[in-house]
Amino acid sequence: MSISQLSRKNIQALTPYQSARRLGGKGDVWLNANEYATSPDLNLINRTFNRYPEAQPENVINAYAKYAGVNADNVLVTRGGDEGIELLIRAFCEIDDAILYCPPTYGMYAVSAETCDIAIKTVPLTTDFQLNLTEIEANLANVKVIFVCSPNNPTGTLLNRADLMQLLEMTKNRAIVVVDEAYIEFCPQATMVNELVNYPHLAIIRTLSKAFALAGLRCGFTLANPELIGVLQKVIAPYPIPVPVSDLAAQALAPTGLRQMQQRVDDVLTNRTWLLEQLQSLPQVEHIFNSEANYLLVKFPNSAKVFKTLWDQGIILRDQNKALGLANCVRITIGTADENRQVIDAIKKMENR
């Protein structure tokens, strides 16, 4: 019997999440993972490596609580937003429960559930990438956790706030509603944080990976009411946040770090506007979807050709062609002004062949 055959049956059948790094590519223009184009200049202050770290570093918790406008007991710090997703499934789903999510959206909701051997229900977004509340309500049987993403990855669209409120109402005392706000810094007015006080079954996923330009740090947060946070505390690893991570995260959340983050957001929005305008002028572009995040979803008549042509030139985009409802679509992370120009120039050259 092979080692693979000794693994759990659901793991044998599992297709792992195809992250940007797993997909590979060779180039110097990386626009496939919604990262910020340059790294902050941070240096370690705390160099006490011989002791285990705090289970929940107080300085990071307090700083993020202040930034998010919540109390410290509303915050759990995790290894990226992905750990928060998995913790919610592990903490709340029995073997005969299910999660529900709404594709096209972030793939780790499904992968985390499959890893935990939890059933999955899907209710696709509508044609304008909004929640289909009628179908969600019809599929709530045995659903314990619902994942929605706003702004949604990979579409970039915001979910209607009224629909989110209706979703919270219909799931009272039935399921946990998780709103993934990984990209909320690019549209902070859309956050659901102010609803935590009204809905004890609401959890919000946040991250330092995007606007804070710290994807390599792997630091995220789950925001929820203290009772829900207490449940997650039961299943989280005893020392989830290494000392260097908490040290650099605290610096990023200090006043200077927050000002730098806001400047990055402003730069991304400026560059997004430029890239959008340039793409709109290209005859080969079929449609550009509205985006409130640090990327654009673009539809081409032949997305495979565009993706491969730029890939061969070292410009790495994210192919979304196989995602539900996204045929011939490519997701383009907003890069530097120079990187964005390279994208436009490469597509223009294709048109001239």
Side-chain angles (χ1 to χ4, degrees), residues 52-94 97 99-101 108-109 112-113 116 118 140 143-150 161 164-182 184-185 188-209 212 218-242 245-246 249-250 252-254 258:
Y52 287 111
E54 293 179 81
Q56 288 289 294
E58 187 176 355
N59 58 344
V60 177
I61 292 287
N62 289 338
Y64 199 85
K66 183 178 180 180
Y67 163 67
V70 297
N71 296 323
D73 59 3
N74 295 124
V75 180
L76 184 77
V77 60
T78 59
R79 294 188 295 260
D82 291 333
E83 185 181 29
I85 292 167
E86 183 172 323
L87 289 174
L88 286 155
I89 296 171
R90 287 170 49 204
F92 287 97
C93 291
E94 305 279 4
D97 289 330
I99 71 156
L100 185 150
Y101 72 101
M108 277 304 295
Y109 310 138
S112 293
C116 296
I118 299 299
L140 283 181
V143 168
K144 191 65 72 68
V145 182
I146 299 171
F147 291 98
V148 295
C149 187
S150 185
R161 190 179 189 86
L164 290 172
M165 297 300 294
Q166 189 172 338
L167 178 63
L168 286 166
E169 287 293 330
M170 74 170 62
T171 53
K172 280 182 176 179
N173 302 313
R174 299 183 65 176
I176 304 299
V177 173
V178 184
V179 181
D180 189 338
E181 292 188 348
I184 200 64
E185 278 78 18
Q189 74 285 352
T191 183
M192 294 294 289
V193 162
N194 59 334
E195 297 299 338
L196 287 175
V197 67
N198 300 317
Y199 295 98
H201 62 303
L202 170 63
I204 295 172
I205 299 293
R206 295 283 192 87
T207 183
L208 299 186
S209 294
F212 285 88
R218 307 309 301 130
C219 185
F221 302 88
T222 300
L223 308 181
N225 281 285
E227 184 180 4
L228 198 159
I229 294 294
V231 173
L232 299 183
Q233 289 272 28
K234 293 181 178 181
V235 295
I236 196 170
Y239 308 110
I241 308 301
V245 172
S246 61
L253 292 165
L258 292 176

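Remark: side-chain polar atoms of Asn225 are not paired, donor with acceptor, to backbone N or O of Leu202 under 3.5 angstrom. A donor-acceptor pair is defined here as one N or O able to donate and one able to accept, closer than 3.5 Å; such a pair exists between the side chain of Lys144 and the backbone of Phe92. Without hydrogens or angle criteria, Asn74 side chain to Ala224 main chain gives a donor-acceptor distance under 3.5 Å. At distances below 3.5 Å, not a single donor-acceptor pair connects side-chain atoms of Gln56 with backbone N or O atoms of Leu76. Between the side chain of Arg161 and the backbone N or O of Thr191 there is at least one donor-acceptor pair closer than 3.5 Å. Proximity of a side-chain donor or acceptor of His201 to a complementary backbone N or O of Leu168 within less than 3.5 Å is detected.
Other residues, nucleotides and ligands contribute over 12 non-hydrogen atoms within 6.0 Å of the CD atom of Gln233. Residue Glu227 places its CD atom among 12 or fewer non-hydrogen atoms of other residues, nucleotides or ligands, all under 6.0 Å distant.
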(request) Go through the steps for Arg218 and Val245 under the test side-chain contact (heavy atoms from CB on, under 4.5 Å), then give the verdict. (result) CA-CA 8 Å; Arg218 307 309 301 130; Val245 172; over 6 Å; no
(message) Assess the residue pair Arg79 and Glu86 against the criterion (salt bridge (charged side-chain N to carboxylate O under 4.0 Å, His left out)); give the C-alpha distance rounded to whole Å, side-chain angles, the decisive distance to 0.1 Å, and a yes or no.
(response) CA-CA 11 Å; Arg79 294 188 295 260; Glu86 183 172 323; over 6 Å; no
(request) In sequence, state the C-alpha distance, the side-chain angles, and the governing distance for Arg206 and Val193, and then conclude on side-chain contact (heavy atoms from CB on, under 4.5 Å). (result) CA-CA 11 Å; Arg206 295 283 192 87; Val193 162; 3.2 Å; yes
(message) With side-chain contact (heavy atoms from CB on, under 4.5 Å) as the criterion, how do Thr222 and Ile205 come out once you've worked through the C-alpha distance, each side chain's angles and the decisive distance to 0.1 Å?
(response) CA-CA 5 Å; Thr222 300; Ile205 299 293; 3.7 Å; yes
(message) What verdict does the side-chain contact (heavy atoms from CB on, under 4.5 Å) test give for Leu88 and Leu232, after you've listed the backbone C-alpha separation in whole Å, the side-chain angles of each residue and the deciding distance to 0.1 Å?
(response) CA-CA 7 Å; Leu88 286 155; Leu232 299 183; 3.9 Å; yes
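Taking CD1 from Ile89 and OG from Ser112, the interatomic distance works out to 5.0 Å, rounded to the nearest 0.5 Å. Note that CE of Met192 and CG of Leu167 are 8.5 Å apart. Values are rounded to the nearest 0.5 Å. In this structure, CD in Glu94 is found 8.0 Å from CD1 in Ile118, a value given to the nearest 0.5 Å. In this structure, CD1 in Ile236 is found 4.5 Å from CD in Glu83, a value given to the nearest 0.5 Å. The structure places CG of Asp82 at 8.0 Å from OG of Ser209, a figure rounded to the nearest 0.5 Å. Atom OH of Tyr199 and atom CG of Leu164 lie 10.5 Å apart (nearest 0.5 Å).
Residues Ile241 and Val60 fail the side-chain proximity criterion, which asks for heavy atoms closer than 4.5 Å. Using a 4.5 Å cut-off on side-chain heavy atoms (C-beta onward), Phe212 and Leu258 make contact. Between Val75 and Leu223, some side-chain heavy-atom pair lies under the 4.5 Å cut-off.
Taking every heavy atom of both residues into account, Val77 and Ile61 meet most closely at N-CD1, 3.9 Å. Shortest non-hydrogen contact noted between Ala72 and Asn62 is CB-OD1, 3.5 Å. In terms of heavy-atom proximity, Ala63 sits nearest to Leu253 at CB-CB, 3.7 Å. Heavy atoms only, all atoms of each residue included: Ala249 and Cys219 are closest at CB-SG, 4.0 Å. Nearest heavy atom pair, residue Ala55 against residue Pro238, reads CB-O, 3.4 Å. Between Ala91 and Val231, the shortest heavy-atom contact is CB-CG1, 3.8 Å.
Note on ring orientation: taking the six-membered ring where Trp is involved, the planes of Tyr109 and Phe147 are parallel (angle under 30°, cut-offs 30° and 60°).
Tyr67 has its ring centre no less than 6.0 Å from the ring centre of Phe221.
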